[in-house]
Amino acid sequence: MSERIAVCPGSFDPITMGHLDIITRAAAMFDKLIVVVMNNDKKHYTFSPAKRKEMIEKCVSNLPNVQVDVYDGLLAEYAAKQNACAIIKGLRAMSDFEYEFQMALTNKKLNPNVETLFLTTSAQNMYLSSSMVKQIAGMGGDVSDFLPEVIYDDVLKRISSQN
Ligand code: PNS
């Protein structure tokens, strides 16, 4: 049987404990999981795509079937190039739903060979987001519960250099 490949796209600006939880659970379901750093036109990023990729790589070094990539283009196109059968997204509160549903339908239209699968977030990560983490860190708050330990210093260094 051919390898079952999934892609897990996102901004990851930076990767949080919530993302890492979804990545770890998805990696257990597929032969190969490609975490891909992409662009969301509506966002202004704190970290470069290369830095976001580097931080994810540090966090997934214990997951042998996970690869990390950067792609500046359409997700549906990237999934086709990688022969992926699934796009993995994490769903937090209902407020994520409408936007994610719209993206899933659009991606299906652009690439009918790929299914979007939603994994529900773990309860402790329900309201966790990269932008919230950056806001708290920027005001000197403790974000150690929200960030993987291996990237904690990278994030704090960048945030403090902005202030
Ligand atoms: O972490 P985010 O910001 O919610 O991720 C959104 C992202 C980057 C996955 C989404 O904006 C995306 O897929 N961008 C790639 C461009 C694309 O395919 N746009 C059409 C989506 S319907």
Side-chain angles (χ1 to χ4, degrees), residues 5-27 29-30 32-60 63 66-138 143 146-148 150-152 154-155 158-159 162:
I5 301 169
V7 294
C8 181
S11 294
F12 304 109
D13 188 50
I15 182 171
T16 65
M17 292 301 274
H19 294 126
L20 190 54
D21 171 53
I22 298 290
I23 291 167
T24 306
R25 287 158 57 201
M29 298 165 62
F30 291 89
K32 180 162 113 183
L33 180 74
I34 307 169
V35 180
V36 55
V37 173
M38 302 198 84
N39 273 322
N40 179 339
D41 286 348
K42 297 187 188 76
K43 291 188 178 171
H44 294 287
Y45 292 114
T46 303
F47 298 92
S48 69
K51 184 67 191 175
R52 287 182 262 156
K53 175 174 184 265
E54 181 199 305
M55 289 192 285
I56 300 168
E57 279 169 341
K58 283 190 189 178
C59 298
V60 300
L63 300 170
V66 176
Q67 288 177 9
V68 190
D69 199 4
V70 173
Y71 189 72
D72 190 11
L74 285 174
L75 173 58
E77 188 184 277
Y78 181 79
K81 274 190 191 163
Q82 297 296 334
N83 268 323
C85 61
I87 292 169
I88 306 293
K89 291 305 230 28
L91 260 195
R92 290 168 300 188
M94 277 309 284
S95 50
D96 282 348
F97 187 76
E98 183 141 358
Y99 172 63
E100 292 294 346
F101 199 83
Q102 187 184 15
M103 279 202 289
L105 289 180
T106 309
N107 285 326
K108 184 77 181 165
K109 174 88 183 148
L110 296 174
N111 176 355
N113 296 320
V114 72
E115 297 290 345
T116 299
L117 302 183
F118 293 106
L119 295 188
T120 45
T121 185
S122 301
Q124 72 270 25
N125 299 322
M126 181 108 177
Y127 295 106
L128 176 54
S129 69
S130 301
S131 51
M132 196 72 90
V133 170
K134 286 183 286 187
Q135 201 178 69
I136 297 168
V143 288
F146 308 140
L147 288 173
V150 282
I151 64 158
Y152 185 79
D154 293 290
V155 174
R158 175 83 182 107
I159 301 286
Q162 285 186 317

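Start at 1 and go down the list; that is how both ligands and their atoms are numbered. Computed over heavy atoms, backbone and side chain alike; hydrogens, waters and symmetry mates excluded.
Here the side chains of M132 and I136 are in contact, with some heavy-atom distance below 4.5 Å. The side-chain heavy atoms of E100 and T116, taken from C-beta on, include no pair separated by under 4.5 Å.
Under the side chain to side chain contact (heavy atoms under 4.5 Å, CB included) criterion, A93 pairs with S95, M126, Y127, not counting sequence neighbours.
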List the atom pairs, donor and acceptor, that lie under 3.5 Å between side-chain atoms in residues 8-20 and the rest of the protein, sequence neighbours left out.
from: S11; atom 1: OG; to: Y45; atom 2: OH; distance (Å): 2.6
from: D13; atom 1: OD1; to: T46; atom 2: N; distance (Å): 3.4
from: D13; atom 1: OD1; to: F47; atom 2: N; distance (Å): 2.9
from: D13; atom 1: OD2; to: T46; atom 2: N; distance (Å): 2.9
from: D13; atom 1: OD2; to: K134; atom 2: NZ; distance (Å): 2.6
from: T16; atom 1: OG1; to: G18; atom 2: N; distance (Å): 3.1
from: T16; atom 1: OG1; to: H19; atom 2: N; distance (Å): 3.3
from: T16; atom 1: OG1; to: H19; atom 2: ND1; distance (Å): 3.3
from: H19; atom 1: ND1; to: T16; atom 2: N; distance (Å): 2.9

Contacts table for residues 32-43: side-chain donor-acceptor under 3.5 angstrom, sequence neighbours left out:
from: N39; atom 1: ND2; to: D72; atom 2: OD1; distance (Å): 3.3
from: N40; atom 1: OD1; to: K42; atom 2: N; distance (Å): 3.1
from: N40; atom 1: ND2; to: Y99; atom 2: OH; distance (Å): 3.3

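Salt bridge present: K58 and D154 bring a charged side-chain N and a carboxylate O closer than 4.0 Å.
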Write 'none' if nothing qualifies; otherwise put on separate lines each N/O atom of ligand 1 with a protein N/O atom under 3.5 Å away and their distance to 0.1 Å.
from: ligand 1; atom 1: 1 (O); to: S11; atom 2: N; distance (Å): 2.9
from: ligand 1; atom 1: 3 (O); to: S11; atom 2: OG; distance (Å): 2.6
from: ligand 1; atom 1: 3 (O); to: N40; atom 2: ND2; distance (Å): 3.2
from: ligand 1; atom 1: 3 (O); to: K43; atom 2: NZ; distance (Å): 2.6
from: ligand 1; atom 1: 14 (N); to: N39; atom 2: O; distance (Å): 3.1
from: ligand 1; atom 1: 18 (O); to: L75; atom 2: N; distance (Å): 2.8

